[in-house]
Amino acid sequence: MIVWLNGTHGAGKTTTSGLVQQLIPDSRVFDAEKVGETLMDVTPGLPATNNFQHWPPWRPLVVETARHILDYTGGTLVMPMTVLVEQYWREISTGLARHAIPVRHFVLHADQQTLRGRIEGDTALGPSAFRLAYLEPYAEAARTWLHSEAEVVDTTLLTPDEAAQQIADAVNK
């Protein structure tokens, strides 16, 4: 099984994924961003883009990497990864379904003011124009398709531990 943690930057995906992994027996964290980083290392570089998710190889490589990890280890993969383009989510979820891999799709949500405050106050990464630029695309995806495709966990007033527990409880039912 895959527990996919979606949501924009500042929602708490990375922190929460590690906590969820501790609460779900026989689980591992797989960050699909590493697949994008591998593609970014291709030389000479792939066609210019502001987001590696736009490269057509990224989506099937995420599916195949997750499939091979699960074939090798079994258990559950906890995958923290923002996917805000509906077509990309469809490609990934359809690819996983073709391999009979069940997906529990969660969106970590927070209101725009909270997200902005978290991004601007991030002591590890510092304020980031890149991360702030995704606030509106996230809001648009949430309004149009994303929230209807996932289980929404509002992290506005939750600690990461509380969000992780809510997700683990839903998965372990």
Side-chain angles (χ1 to χ4, degrees), residues 2-24 27-41 48-55 58-59 61-62 65-66 76-93 96 103-171:
I2 290 175
V3 175
W4 194 290
L5 303 184
N6 206 339
T8 195
H9 304 283
K13 295 179 308 298
T14 300
T15 301
T16 303
S17 66
L19 297 168
V20 168
Q21 183 273 322
Q22 294 172 26
L23 297 170
I24 297 176
S27 66
R28 291 167 176 71
V29 175
F30 166 49
D31 188 342
E33 188 163 332
K34 301 301 182 191
V35 174
E37 290 173 6
T38 297
L39 291 173
M40 290 176 6
D41 287 342
T49 182
N50 64 348
N51 185 332
F52 58 71
Q53 292 184 16
H54 299 321
W55 286 325
W58 181 77
R59 281 116 35 214
L61 284 171
V62 167
T65 304
T76 299
L77 284 183
V78 180
M79 295 181 63
M81 188 71 222
T82 300
V83 178
L84 301 180
V85 177
E86 184 176 9
Q87 174 190 334
Y88 298 173
W89 177 251
R90 298 264 176 259
E91 289 177 38
I92 292 167
S93 59
L96 294 168
V103 177
R104 290 293 295 271
H105 184 198
F106 294 89
V107 171
L108 302 185
H109 174 79
D111 62 59
Q112 293 283 306
Q113 181 180 343
T114 299
L115 291 168
R116 185 173 300 283
R118 288 177 185 171
I119 293 168
E120 291 172 349
D122 190 322
T123 56
L125 299 175
S128 164
F130 173 83
R131 294 169 79 205
L132 288 168
Y134 280 88
L135 292 179
E136 184 48 41
Y138 166 73
E140 178 66 17
R143 280 191 300 273
T144 58
W145 72 273
L146 183 58
H147 282 196
S148 64
E149 292 287 324
E151 299 170 64
V152 178
V153 177
D154 191 333
T155 67
T156 303
L157 300 175
L158 295 179
T159 66
D161 285 310
E162 292 168 332
Q165 189 64 60
Q166 187 173 332
I167 292 163
D169 289 347
V171 170

So how far is it from Ser17 OG to Gln22 CD, rounded to the nearest 0.5 Å? 10.0 Å
What closest approach, in Å, do Thr156 and Ala110 show between heavy atoms, and which atom pair accounts for it? OG1-CA, 3.1 Å
Just grab all the side-chain hydrogen bond (donor to acceptor under 3.5 Å, both in side chains) pairs involving residues 82-91, residues at least two apart or on different chains. Lys13-Thr82, His54-Tyr88, Arg59-Glu91, Glu86-Arg90, Gln87-Glu91, Arg90-Glu149
Side chains of Asp161 and Gln165: donor-acceptor distance under 3.5 Å anywhere? no
Is the shortest heavy-atom distance from the side chain of Asp154 to the side chain of Leu158 under 4.5 Å? no
Could you tell me the separation between the CE atom of Met40 and the NZ atom of Lys34, rounded to the nearest 0.5 Å? 10.0 Å
Worked verdict on Phe30 versus Ile2 for side-chain contact (heavy atoms from CB on, under 4.5 Å): CA-CA 10 Å; Phe30 166 49; Ile2 290 175; over 6 Å; no
Just to verify, which of Val29, Thr15, Thr76, Ile167 counts as forming a side chain to side chain contact (heavy atoms under 4.5 Å, CB included) with Val20? Ile167
Sequence neighbours left out, what passes side-chain hydrogen bond (donor to acceptor under 3.5 Å, both in side chains) with Glu151? Give chain and number order. Arg104
Here the gap from Trp58 atom CH2 to Leu39 atom CG, rounded to the nearest 0.5 Å, amounts to 10.0 Å
Glu162: what forms a salt bridge (charged side-chain N to carboxylate O under 4.0 Å, His left out) with it, not counting sequence neighbours? none
Heavy atoms only: give me the nearest Val107-Ala150 pair and the separation to one decimal. CG2-CB, 3.5 Å
Non-hydrogen side-chain atoms of Leu135 and Ile119 separated by less than 4.5 Å: yes
Ala11: what forms a side chain to side chain contact (heavy atoms under 4.5 Å, CB included) with it, not counting sequence neighbours? Leu108, Leu115
Asp41: side-chain hydrogen bond (donor to acceptor under 3.5 Å, both in side chains) partners, not counting sequence neighbours: none
Backbone of Thr144 reached by a side-chain donor or acceptor of Ser148 within 3.5 Å: no
How far apart are the C-alpha atoms of Tyr134 and Asn51, what are their side-chain angles, what is the distance that settles it, and do they pass the side-chain contact (heavy atoms from CB on, under 4.5 Å) test? CA-CA 11 Å; Tyr134 280 88; Asn51 185 332; 3.1 Å; yes
Is the shortest side-chain heavy-atom distance between Trp4 and Ile92 below 4.5 Å? yes
Hey, could you give me each pair passing side-chain hydrogen bond (donor to acceptor under 3.5 Å, both in side chains) that has a residue in residues 109-120? Not counting sequence neighbours. His109-Tyr138, Asp111-Thr114, Arg118-Thr155
Would you give the length of the straight line joining atom NE2 of His9 to atom CG of Leu132, rounded to the nearest 0.5 angstrom? 9.5 Å
At their closest point, which heavy atom of Leu146 faces which heavy atom of His105, and how far apart are they? CD1-CE1, 3.9 Å
Please enumerate all residues that pass side chain to side chain contact (heavy atoms under 4.5 Å, CB included) together with Glu33, with sequence neighbours excluded. Asp31, Glu37, Phe52, Met81
Give the minimum heavy-atom separation between Ala168 and Leu23, together with the two atoms involved. CB-CB, 3.6 Å
My understanding is that only residues two or more places apart in sequence, or in another chain, count here; which of them pass side-chain hydrogen bond (donor to acceptor under 3.5 Å, both in side chains) with Thr49? none
